[in-house]
2 protein chains.
Amino acid sequence: MNLSEKNQNIGISVSICLFCYNDEEKKVLTVENKDQPFKGALILPNKALDPNKSLEEICSEILFENIGNSNIYVEQLNAFGKVYRHPNGRIIDISFYGLINLEKDKVILNEDNGAAFTSLESFPEFAFDHNDMIEMALKRIKRRMKYRPLGKNLLPDQFTMNELEGLYASFLTKKFDKRNFRRRILEMNFLREVKKVQRNTRGRKAILYEFDPKKYNNYSKTGF
Amino acid sequence: MNLSEKNQNIGISVSICLFCYNDEEKKVLTVENKDQPFKGALILPNKALDPNKSLEEICSEILFENIGNSNIYVEQLNAFGKVYRHPNGRIIDISFYGLINLEKDKVILNEDNGAAFTSLESFPEFAFDHNDMIEMALKRIKRRMKYRPLGKNLLPDQFTMNELEGLYASFLTKKFDKRNFRRRILEMNFLREVKKVQRNTRGRKAILYEFDPKKYNNYSKTGF
DNA sequence: CCAAAAGTGTTAATCTTACACCCATGA
DNA sequence: TCATGGGTGTAAGATTAACACTTTTGG
């Protein structure tokens with residue numbers, strides 16, 4: 001392939017499925033579509049690729065523009081390239097997904113863009129093929145959880161075992177047995193007990209845990 | 001994003017890691033690079049994306065041009081998009097991987113392109129980032145094998161248990177215990193015993209098996 | 001008859017699953 | 001004191017892993 005072949009008149013956009021876990025629900029960062037077609041529709045934040053920037057740089061820009069924080073780890077999901085996926089012409093979308101915690105990670109939602117974290121419990125409808133992207137991202141996370149720990153990016157620094165269980169239940173869409181869950185997670189040995197003060201809540205106070213960064217990262221890289 | 005943003009002067013290419021399993025080795029389809037830079041170097045077959053064709057259509061064309069057969073199932077691997085990955089300018093490569101059997105699938109290697117199946121046992125060096133692509137594809141296959149059966153596309157219609165074991169050992173880069181392997185595979189119940197005539201070979205004749213298409217396909221879709 | 005490759009079972013250890021009650025706290 | 005949510009152990013069943021010899025066949 002040489003330079004003359006480069007000018008193919010195909011657009012490339014980058015989009016991000018950024019998930020958080022809040023109020024015991026999983027949510028995704030959405031913006032309001034500003035252009036035709038589907039003006040006003042719910043879409044994933046996205047941006048045209050700049051020839052001089054890497055895919056990851058564009059991700060950072062998307063994040064900065066919509067939540068005022070670009071320091072979020074993302075992974076590539078898929079290139080969506082159907083000929084007729086975008087009514088305005090041929091646009092290939094390279095999508096990424098990432099995870100965030102709304103307390104730990106500073107987030108300032110860009111109101112001009114209609115940026116918001118939208119709950120997925122009620123199956124919102126997105127324009128274009130953005131529903132497919134979200135579905136694929138959730139599948140990918142689900143699969144990934146069988147190999148690697150999840151939670152560091154989604155939970156606050158300290159959390160209870162029940163919060164972690166809720167997170168797992170939500171992303172794996174399955175219920176756990178409290179005792180078995182607790183045992184299995186603790187056996188993996190990437191959690192550290194902190195102290196016994198939990199925020200004011202009814203009932204018995206829960207033990208707080210935090211991730212042991214070294215062990216968590218090891219498992220994160222190499223899998224269980 | 002509107003049409004005016006489309007002309008970004010970024011090239012898009014599609015490339016394929018097409019694996020086969022032959023002579024008890026895994027091999028990948030390679031061609032000779034015809035252009036500068038790295039003229040003559042070993043590369044993966046690839047082609048510029050045409051604005052009016054889907055990614056999958058381009059895959060078919062690549063396959064047809066290099067092995068004379070476009071009827072090969074491929075899956076998307078990754079978009080490789082580093083700014084400096086290609087010395088001639090900004091080219092995003094969307095890579096796919098697929099599996100083939102050289103007896104079952106008619107293959108006519110395009111000699112003009114230097115098309116060949118190159119063994120991976122000796123760790124050949126490729127130009128550009130094509131080594132990364134192969135490595136990622138092999139990792140992907142490895143991971144996939146934990147959920148889904150492998151073999152239908154790689155083996156002849158009828159095969160022995162030892163051939164299947166060799167294939168698994170090769171792609172998972174680990175040795176198996178004959179007895180345990182046999183038991184586990186048979187328990188999964190997607191194999192059918194055929195008859196006891198095996199091609200002339202030293203030693204005892206082996207039982208031939210074939211995949212039960214329905215059960216194999218079910219597992220292939222839904223995983224174990 | 002022997003070299004080469006195919007085929008075959010059992011046991012111990014580990015992992016998974018199911019299951020129900022007591023504990024600490026704040027209102 | 002009671003309602004709320006947190007915390008705990010065990011046993012049966014399933015799965016996995018380790019292990020070595022016999023069978024069939026062609027040369």
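Because only heavy atoms are used, hydrogens play no part in the values below, and waters and symmetry mates are left out as well, while side chains stay in. The chains referred to below are lettered A, B, ... by the order of the sequence lines, with proteins before strands, and numbering in each begins at 1.
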Derivation and outcome, side-chain contact (heavy atoms from CB on, under 4.5 Å), residues B:Val14 and B:Asp93: CA-CA 5 Å; B:Val14 172; B:Asp93 187 284; 6.0 Å; no
Centres of the A:Phe159 and A:Tyr21 rings: under 6.0 Å? no
Hey, which sits more toward the 5' end of DNA chain D by its nearest nucleotide, B:Arg179 or B:Glu187? B:Glu187
Between CE of A:Met161 and P of C:dC23 the distance, given in whole Å, is 21 Å
Without decimals, in angstroms, what is the distance between B:Glu163 CD and C:dG7 C1'? 15 Å
For atom NZ of B:Lys178 and atom C1' of D:dA18, their distance in whole Å: 15 Å
For the aromatic rings, using the six-membered ring if either is Trp, is the centroid distance between A:Tyr73 and A:Phe96 under 6.0 Å? no
Does B:Arg144 pair with B:Glu75 as a salt bridge, N-O distance under 4.0 Å? yes
If you check every side-chain atom of B:Asn162, which of D:dA18, C:dT16, C:dA6 has the closest atom? C:dA6
For B:Lys175 and D:dA18, give me the distance from atom NZ to atom P, rounded to whole Å. 15 Å
Could you state the CZ-P distance from B:Phe176 to C:dA6, rounded to the nearest angstrom? 17 Å
Within the sub-3.5 Å range, which N or O atoms of nucleotides 24-26 of chain C have a protein N or O partner, and how far apart are they?
residue, atom, partner, partner atom, Å
C:dG26, OP1, A:Lys205, NZ, 3.2

Listed nucleotide nearest any side-chain atom of B:Asp177, set D:dT8, D:dA17, D:dC19: D:dC19
For this output row, return yes or no: ring centroids of B:Phe224 and B:Tyr219 closer than 6.0 angstrom. yes
Would you kindly give the CD1-to-P distance between A:Ile185 and D:dG7, to the nearest whole Å? 14 Å
Gap between atoms CZ and P, on A:Arg184 and D:dG9 respectively (whole Å): 18 Å
Are the side chains of B:Ile72 and B:Leu18 in contact, using a 4.5 Å heavy-atom criterion? yes
Between C:dT16 (P) and A:Lys174 (NZ): distance, integer Å: 10 Å
Are there more than 12 heavy atoms of other residues, nucleotides or ligands under 6.0 Å from atom CD of A:Glu24? no
A cation-pi test, strictly: NZ or CZ of A:Lys26 under 6.0 Å from the centre of the six-membered ring of A:Phe171 and no more than 45 degrees from its axis. Yes or no? yes
Protein-nucleotides 10-12 of chain D N/O pairs under 3.5 Å:
residue, atom, partner, partner atom, Å
D:dT10, O4, A:Arg183, NH2, 2.9

Compare all side-chain heavy atoms of B:Met145 with those of B:Leu150 and state whether any distance is below 4.5 angstrom. yes
Short side-chain N/O contact to D:dT8 OP1/OP2 from A:Arg182, under 4.0 Å: yes
